[in-house]
There are 2 protein chains.
Amino acid sequence: MPKVTDAYRDARRDKIARAALRCLERKGVHDTSIADIVEESGLSTGAIYSHFSNKAELARYIVGRFLIVRIDALEAAGREGTVLPPRDVLTRMLGILTEDGLPAPLIVQFWGEAMADPDLHAEMTRTAGRLGASLGIAVTPWVRRELGDAASDTAVAERTAQTARTIASLAQGYIANTAIFGPRDVGEYVESVVAALGD
Amino acid sequence: MPKVTDAYRDARRDKIARAALRCLERKGVHDTSIADIVEESGLSTGAIYSHFSNKAELARYIVGRFLIVRIDALEAAGREGTVLPPRDVLTRMLGILTEDGLPAPLIVQFWGEAMADPDLHAEMTRTAGRLGASLGIAVTPWVRRELGDAASDTAVAERTAQTARTIASLAQGYIANTAIFGPRDVGEYVESVVAALGD
DNA sequence: ACCTGAACACCGTTCAAGT
DNA sequence: ACCTGAACACCGTTCAAGT
């Protein structure tokens, strides 16, 4: 297996993907044509099609590589047994997203695309599964404390999965809401949810 | 002004919009072509273009007419002074959405489209404004009770707007999450949010 | 193997002609 | 005024030919 060639291919795919991402941020998913990516990347149509079999596969590559933020720090804290209440996990995850992630409007566009493209949907749930696992690890100490020492491992696992999905859902709500209605302070959002639903 | 003709036009636009909606639910926004709508509606290309100036205007019409559910009952309860905690407003709103609204995946697709189409975005925020106002009316009695009798009208209005946006955000989170990861019981979702964030 | 770019099929939109 | 459907411009994809 020629290692140089593999590295070259990967670099090439990344170059194309990054050029595409610049177009997407500027013009949106619908209005970005292959011609735009050709111009932005400085390559030819055929060059792009020799690295991606079509536009959908390029979108899948971008989703797998850039759509979802890594929350390694939160996961590490969870592994060490640090109790992180869900509201802190949510706040810090949204902070990371706002700083390092793709713009909310672009994320929402990819969600929309995935609704009609089963392969893109599969790629999205695959990467989301990784995030969900991290989220689960991050909240496990909190779940254990909530359920008490008597709780079985399955009960902890079940409650952890439920909590992770809920945090993901709240993050999605923040993303969709800010994408459509404009920016909102992360802390203010989380506090407002607590004030409205907690008691 | 010929009243008959106006009624005819409206009926015609509706016929086209409903045919389009059937296509959208079947094939998704991206894969529904004008040719599909022509076939589904039994009209010709030109007939459609004599009622909508283009595909984007047809999308705007559908969004304004079908995207957002009416929560008249909740609004009426709020007007009568019935105290509805946000969690009840959210639960009942999501119940209405699940029963009468468009499928979640289609809603998410329209969100995505609106991200790159300023006119569709404007139509969406316009209809969302109506929902936001209803949401505000529904929670006003609860906000008054929370803030106490000493609260000024501006304080009530401010907290009402904040709470309405938060409820909308939680609903969007439910929609995006179920669209991508599959169905989830509304009550279980709301309880899980309370358990995770309340205290 | 990677790349070029002209050619092809398809989709949104227009428009001359019909009622 | 509403409608018809062929024609046009544009976009994703292919493919014969080049390195």
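Fair warning: this is a prediction, and the values are worked out from it, not measured in the lab. Sequence lines set the chain letters: A, B, ... in the order given, protein chains first and strands last, and positions in each chain run from 1. Worth knowing before you read on, the calculation uses all heavy atoms, side chains too, and leaves out hydrogens, waters and symmetry mates.
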Between [X] ([atom1]) and [N] ([atom2]), how many Å, whole number?
{"X": "B:Leu43", "N": "C:dT13", "atom1": "CG", "atom2": "P", "result": "17 Å"}
{"X": "A:Asp36", "N": "D:dC10", "atom1": "CG", "atom2": "C1'", "result": "12 Å"}
{"X": "B:Arg12", "N": "D:dA1", "atom1": "CZ", "atom2": "C1'", "result": "12 Å"}
{"X": "B:Glu39", "N": "D:dG5", "atom1": "CD", "atom2": "P", "result": "14 Å"}
{"X": "B:Ile48", "N": "D:dT4", "atom1": "CD1", "atom2": "P", "result": "10 Å"}
{"X": "B:Ile16", "N": "D:dC2", "atom1": "CD1", "atom2": "C1'", "result": "11 Å"}
{"X": "A:Ile34", "N": "C:dT4", "atom1": "CD1", "atom2": "C1'", "result": "16 Å"}
{"X": "A:Tyr8", "N": "C:dC2", "atom1": "OH", "atom2": "P", "result": "8 Å"}

From B:Ile137 CD1 over to B:Arg79 CZ, what is the distance, rounded to the nearest 0.5 angstrom?
->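 The CZ atom of B:Arg79 is 4.0 Å from CD1 of B:Ile137, to the nearest 0.5 Å.
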Heavy atoms under 4.0 Å, any strand shown: does B:Thr45 hit a base, just sugar-phosphate, or nothing?
->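 Result for B:Thr45 = base.
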Taking only side-chain N and O atoms of [X], does any of them lie within less than 4.0 angstrom of OP1 or OP2 on [N]?
{"X": "B:His51", "N": "D:dA1", "answer": "no"}
{"X": "B:Tyr49", "N": "D:dA1", "answer": "no"}
{"X": "A:Ser50", "N": "C:dC2", "answer": "no"}
{"X": "B:Arg9", "N": "D:dA1", "answer": "no"}

Is it true that [Y] and [X] share a donor-acceptor pair across their side chains at a distance under 3.5 Å?
{"X": "B:Glu113", "Y": "A:Gln109", "value": "no"}
{"X": "B:Asp88", "Y": "B:Thr91", "value": "no"}
{"X": "B:Tyr61", "Y": "B:Asp14", "value": "yes"}

Any stems for DNA chain C, made of 3 or more Watson-Crick or G-U pairs in a row, each with both distances under 3.5 Å?
->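 So the stems come out as C:4-8 with D:12-16, C:12-16 with D:4-8.
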A:Arg184 to A:Tyr174 six-membered ring, cation-pi geometry met (6.0 Å, 45°) =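 Geometry flag: not set, cation outside 6.0 Å or 45°.
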Heavy-atom donor-acceptor pair, B:Thr178 side chain to B:Ile175 backbone, under 3.5 Å =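 Flag set: sc B:Thr178 to bb B:Ile175 pair under 3.5 Å.
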Salt-bridge criterion met for A:Glu123 and A:Arg126 (N-O under 4.0 Å) |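 A salt bridge links A:Glu123 with A:Arg126.
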Picking from C:dT13, D:dC11, C:dG12, which would you name as closest to the side chain of B:Asn54?
->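 Per side-chain heavy atoms of B:Asn54, the pick is C:dT13.
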